[in-house]
Amino acid sequence: MSLKVKHTKIWVLFIVGAAALLLTACFGGGPETTYKCYGNASGLLVEYTGEDGVMVEESVSLPWTQSVVIGGNELNIVLSATNEGDAGDFTCEIIVDDHSVMTAEGAGGLEISGDYSKSGNTAEANFSSAYIPHEEPVAEAVEEEPAEEEAAAEEAPAPDPATGLQIINGLDAPICAVYLVESGAPDWGESRLTEADDFILLPDTDFIIPDMETKSYDILVEACTGDIVSLLTRTELGPNMWVEISTYETDRKITVQNNSSVDVCEFSLGTNEDNRTRNLIIDKPLAAGDEKEIVINAGVLTLWAKTCDGTDLQVNNVDLMEHDGYVLDITDDLLASGGEGGTADIEFINDTSVDICGLYMLEDASKGWGGNYLTDPIGSGGNHTLNGVPQIELSYKVESCNGIILGWAYDIDFAQVVEEIGTTDLTLTISEKALMKIDNTSSLDICGLYIRATGDSNIYPDVLSEDVTLGSGQQVGLNIPPGTYDFVVESCTGETQDLLAENIYDGYVWEISD
C-alpha cells in the first residue's frame with residue numbers, strides 16, 4: 001500500500017516561511033488548483049494564477065473559493081490577498097489535487113507562492129507565505145475571561161498537528177489498528193488507536209499521533225477484518241506531516257492461505273534477509289483454513305513463514321511487478337519442502353500469428369481467472385517470462401488481443417514438471433492449432449464456457465474471464481488442438497446448452513441458438 005506523506009500548515013508572522021512536501025499518489029489529468037479565503041474581513045482584493053498561468057485580479061467577499069486548471073507538469077502558483085477594509089483578519093489556503101500545500105493568516109494582506117511539479121506518481125511542492133499587518137496599529141484588545149467551553153478546551157487540549165503525525169483513512173472501510181514504530185524496533189508494540197478514538201478509524205476521518213520526532217519509522221495498518229491494508233518501512237516521518245492510507249495503481253496484494261494442518265505464527269517479507277519486515281501476524285496465529293491479505297507496493301520479494309510448531313518456509317523471487325496479486329498457498333507438502341527452490345521461471349513463447357494481450361495463471365481457476373499478468377502485449381514471435389511462479393498445481397489461460405482464447409491448461413503440477421526436466425527454467429509455447437468459433441445466435445448472453453476432452457471425468461472451470469460475456473450475436477474463437485471434446489455453455493441467467501463428443505477441426509463453427 002502506498003502512503004501519502006505531507007507537511008501540514010506552517011504559520012508565518014512578518015517573515016517568509018517555506019514548506020516542502022513529497023506526495024506519492026495516482027494522478028490522472030492536469031492538477032486542479034483551488035484557492036480559498038475566509039474570515040471576518042469585509043472584503044479582499046485577490047490576485048491569483050489562473051488558467052494557463054495568466055494572473056487574475058478581482059475583489060471578493062468572504063468566504064471565497066475559486067478552482068482552476070493551470071495546466072502543465074511544472075507550475076508556479078501565486079495567491080495574494082489585500083484587506084479592502086480597515087479591520088478584520090482572514091485566512092487563505094492553496095489546495096492542489098485535493099491536498100493543502102500552504103495555509104496562511106493575514107490582516108492587512110498576505111501572499112502565498114511556490115512551485116508544484118509532478119512526474120509519474122510523484123508530486124513535489126515548495127511553498128512560502130508572507131504576512132502583512134494593517135498599516136495602522138490595531139487597538140489592543142481587552143483580554144476576557146474564557147467561556148466555559150474554552151476553559152474546558154484549555155484544560156484538555158487536542159493533539160497539535162505541529163507536534164504530531166496526522167493519520168487519515170482514505171479507504172472505503174474502517175481501520176481498527178495502526179502500528180507505528182521506529183525502524184529497527186523488535187516488534188510492532190501496541191496499536192496507536194486508543195479508547196479516545198473508539199479503537200476505530202472510520203473512512204474520511206483522521207487522528208493525530210502526538211509528540212513525534214523526525215526519524216525513520218515503519219507503519220502497519222490493519223482493516224477491521226484483520227487484513228493489512230498498508231505497509232510502509234524505513235520512511236522518515238515527524239511533526240507537521242500526514243499519512244493518508246489509500247489505494248494506488250502500484251499496489252499489489254499478497255494473500256497468505258493456510259491450507260496446512262497446523263497454525264502459522266509468523267509471516268514476513270522483504271527484498272532480502274537484511275530488508276526483512278518484522279512479523280506481520282501480530283495478534284493471533286493464522287489458523288488452519290484461514291487467510292490474510294497484505295497490500296504492498298510492487299516489487300520482487302522473498303516470503304518467510306513459520307508454523308507455531310517451528311517449521312520454516314521460504315519462497316524466493318515473488319515478482320509483484322508482474323503479478324496483479326499473489327497467493328501463497330501454505331500446504332503440508334510445501335512446508336515439508338521448506339519452500340526453498342519452490343518457484344520456477346516460466347517463459348511463454350508466442351508462436352502464433354497474432355499478438356497476445358491476456359495471460360492468466362492461478363491455483364484455483366474455478367473461482368475465476370483473476371488479474372491479467374501482462375501490461376504490454378506479447379507480439380507474434382515474442383516471449384514473456386513470469387518469474388517466481390510457485391511449484392504447485394496451477395492453471396493458465398492465454399488470450400489474443402482480438403479475443404481469441406489461444407490456449408489453456410488446468411492443474412499442471414509444476415513441481416513434477418521441474419523434477420522431470422531437471423530445471424526451474426520452464427518454457428510454454430503457444431502454437432497455432434485448429435481455430436474453432438462459437439457463434440451465439442441465441443437471444444441470451446453467455447457467461448460460461450466449459451470444455452473437456454471426451455472421456456475425461458473432470459468438469460473444467462469456465463474459460464471465459466469474469467468480466468467477459470459472449471453477448472447475443474457475438475462470436476468467440478478457440479485455438480484448440482484437433483480432437484474430440486465436450487462443450488457446455490451457460491447463459492448469464494443459468495440456462496445451459498451442450499455439445500458432446502464432437503470432433504473438432506480447423507474452421508469448425510458451433511452455432512448456439514434458442
Side-chain angles (χ1 to χ4, degrees), residues 1-3 5 22 24 121-122 179-189 215-222 227-237 248-258 264-282 286 292-307 310-331 334-347 361 373 375 384-392 414-415 418 423-426:
M1 171 67 68
S2 302
L3 298 179
V5 181
L22 181 66
T24 302
N121 291 338
T122 301
Y179 300 92
L180 183 140
V181 296
E182 292 184 28
S183 301
D187 55 53
W188 289 102
K215 293 181 179 179
S216 177
Y217 291 92
D218 297 347
I219 299 178
L220 183 149
V221 180
E222 286 187 347
D227 294 327
I228 297 174
V229 292
S230 279
L231 180 61
L232 185 69
T233 60
R234 295 174 176 83
T235 301
E236 185 173 287
L237 299 171
Y248 305 102
E249 291 179 357
T250 55
D251 289 344
R252 298 292 185 268
K253 183 184 295 182
I254 295 176
T255 303
V256 183
Q257 293 180 344
N258 184 11
V264 176
C265 277
E266 295 182 22
F267 177 77
S268 57
L269 52 84
T271 55
N272 52 55
E273 183 67 49
D274 295 332
N275 193 28
R276 179 176 174 178
T277 66
R278 59 185 62 77
N279 185 17
L280 302 180
I281 299 177
I282 299 176
L286 189 65
K292 188 180 187 74
E293 292 182 353
I294 300 163
V295 177
I296 192 168
N297 277 324
V300 180
L301 302 173
T302 297
L303 311 181
W304 294 270
K306 178 180 284 188
T307 65
T311 302
D312 289 313
L313 170 67
Q314 180 176 331
V315 178
N316 302 312
N317 299 319
V318 175
D319 191 351
L320 294 181
M321 301 296 291
E322 301 291 348
H323 294 240
D324 283 342
Y326 179 86
V327 177
L328 175 61
D329 185 10
I330 301 177
T331 62
L334 189 61
L335 289 170
S337 70
E340 292 281 4
T343 62
D345 296 334
I346 303 177
E347 181 186 18
M361 176 173 282
Y373 279 73
T375 54
H384 181 82
T385 300
L386 294 183
N387 298 308
V389 178
Q391 293 182 31
I392 57 177
F414 280 98
V418 168
T423 178
T424 58
D425 294 325
L426 308 180

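Just so you know, these numbers come straight off a predicted model, no measurement behind them.
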Query raised in the report: Checking side-chain contact (heavy atoms from CB on, under 4.5 Å) for the pair N279/S268: CA distance, chi angles, key distance, verdict?
Result: CA-CA 5 Å; N279 185 17; S268 57; 5.7 Å; no
Report summary line: In I228, V229, L180, the residue satisfying side chain to side chain contact (heavy atoms under 4.5 Å, CB included) with V221 is V229
Requested in this report: State which residue, out of I254, I294, L286, I296, fulfils the side chain to side chain contact (heavy atoms under 4.5 Å, CB included) condition with L280.
Outcome: I294
Query raised in the report: Are any non-hydrogen side-chain atoms of V315 and Y326 less than 4.5 angstrom apart?
Result: yes
Query raised in the report: If you look at every heavy atom in V264 and A305, which pair is closest and at what distance?
Result: CG1-CB, 4.5 Å
Query raised in the report: Do you know the tightest heavy-atom contact between L237 and Y217?
Result: O-CE1, 3.4 Å
Query raised in the report: Side-chain contact, heavy-atom cut-off 4.5 Å: D345 with L426?
Result: no
Query raised in the report: Can you check side chain to side chain donor-acceptor pair (under 3.5 Å) on D218 and T233, steps first, answer last?
Result: CA-CA 4 Å; D218 297 347; T233 60; 4.9 Å; no
Query raised in the report: Does Y373 reach the main-chain N or O of M361 with its side chain, forming a donor-acceptor pair under 3.5 Å?
Result: yes
Report task. Kindly determine whether L269 and T302 satisfy side-chain contact (heavy atoms from CB on, under 4.5 Å), including the steps that lead there. Result -> CA-CA 6 Å; L269 52 84; T302 297; over 6 Å; no
**Report entry** Flag for S216-R234: side-chain donor and acceptor within less than 3.5 Å
**Finding:** no
Requested in this report: Measure the spacing between CG of D329 and CD of Q257 and express it to the nearest 0.5 Å.
Outcome: 5.5 Å
Query raised in the report: If you take all heavy atoms of K215 and E182, which pair is closest and at what distance?
Result: NZ-OE2, 3.0 Å
Report task. Nearest 0.5 Å please: distance from the CG atom of L328 over to the CG atom of L313. Result -> 6.0 Å
Query raised in the report: To the nearest 0.5 Å, what is the distance between CD (E236) and OG (S183)?
Result: 10.5 Å
Query raised in the report: Is there a side-chain contact between I219 and L231 (heavy atoms, below 4.5 Å)?
Result: no
Report task. Taking only Lys NZ, Arg NE, NH1 and NH2, and the carboxylate oxygens of Asp or Glu, determine whether E222 and K292 approach each other closer than 4.0 Å. Result -> yes
Requested in this report: Please tell me if the side chains of D187 and V181 come closer than 4.5 Å, counting only heavy atoms from C-beta onward.
Outcome: no
Requested in this report: Applying side-chain contact (heavy atoms from CB on, under 4.5 Å), run through R278 and W188 and close with a yes or a no.
Outcome: CA-CA 8 Å; R278 59 185 62 77; W188 289 102; 2.9 Å; yes
Query raised in the report: Does T307 reach the main-chain N or O of T311 with its side chain, forming a donor-acceptor pair under 3.5 Å?
Result: yes
Query raised in the report: Quick one: does N275's side chain have a donor or acceptor within less than 3.5 Å of a partner on G270's backbone?
Result: no
Query raised in the report: Taking the side chain from T255 and the backbone from E293, do they hold a donor-acceptor pair closer than 3.5 Å?
Result: no
Query raised in the report: Got a donor-acceptor contact below 3.5 angstrom from the W304 side chain to the E266 backbone?
Result: no
Report task. Start with the C-alpha gap between H384 and L386, add the side-chain angles, then the distance that decides, and say whether side-chain contact (heavy atoms from CB on, under 4.5 Å) holds. Result -> CA-CA 7 Å; H384 181 82; L386 294 183; 3.9 Å; yes
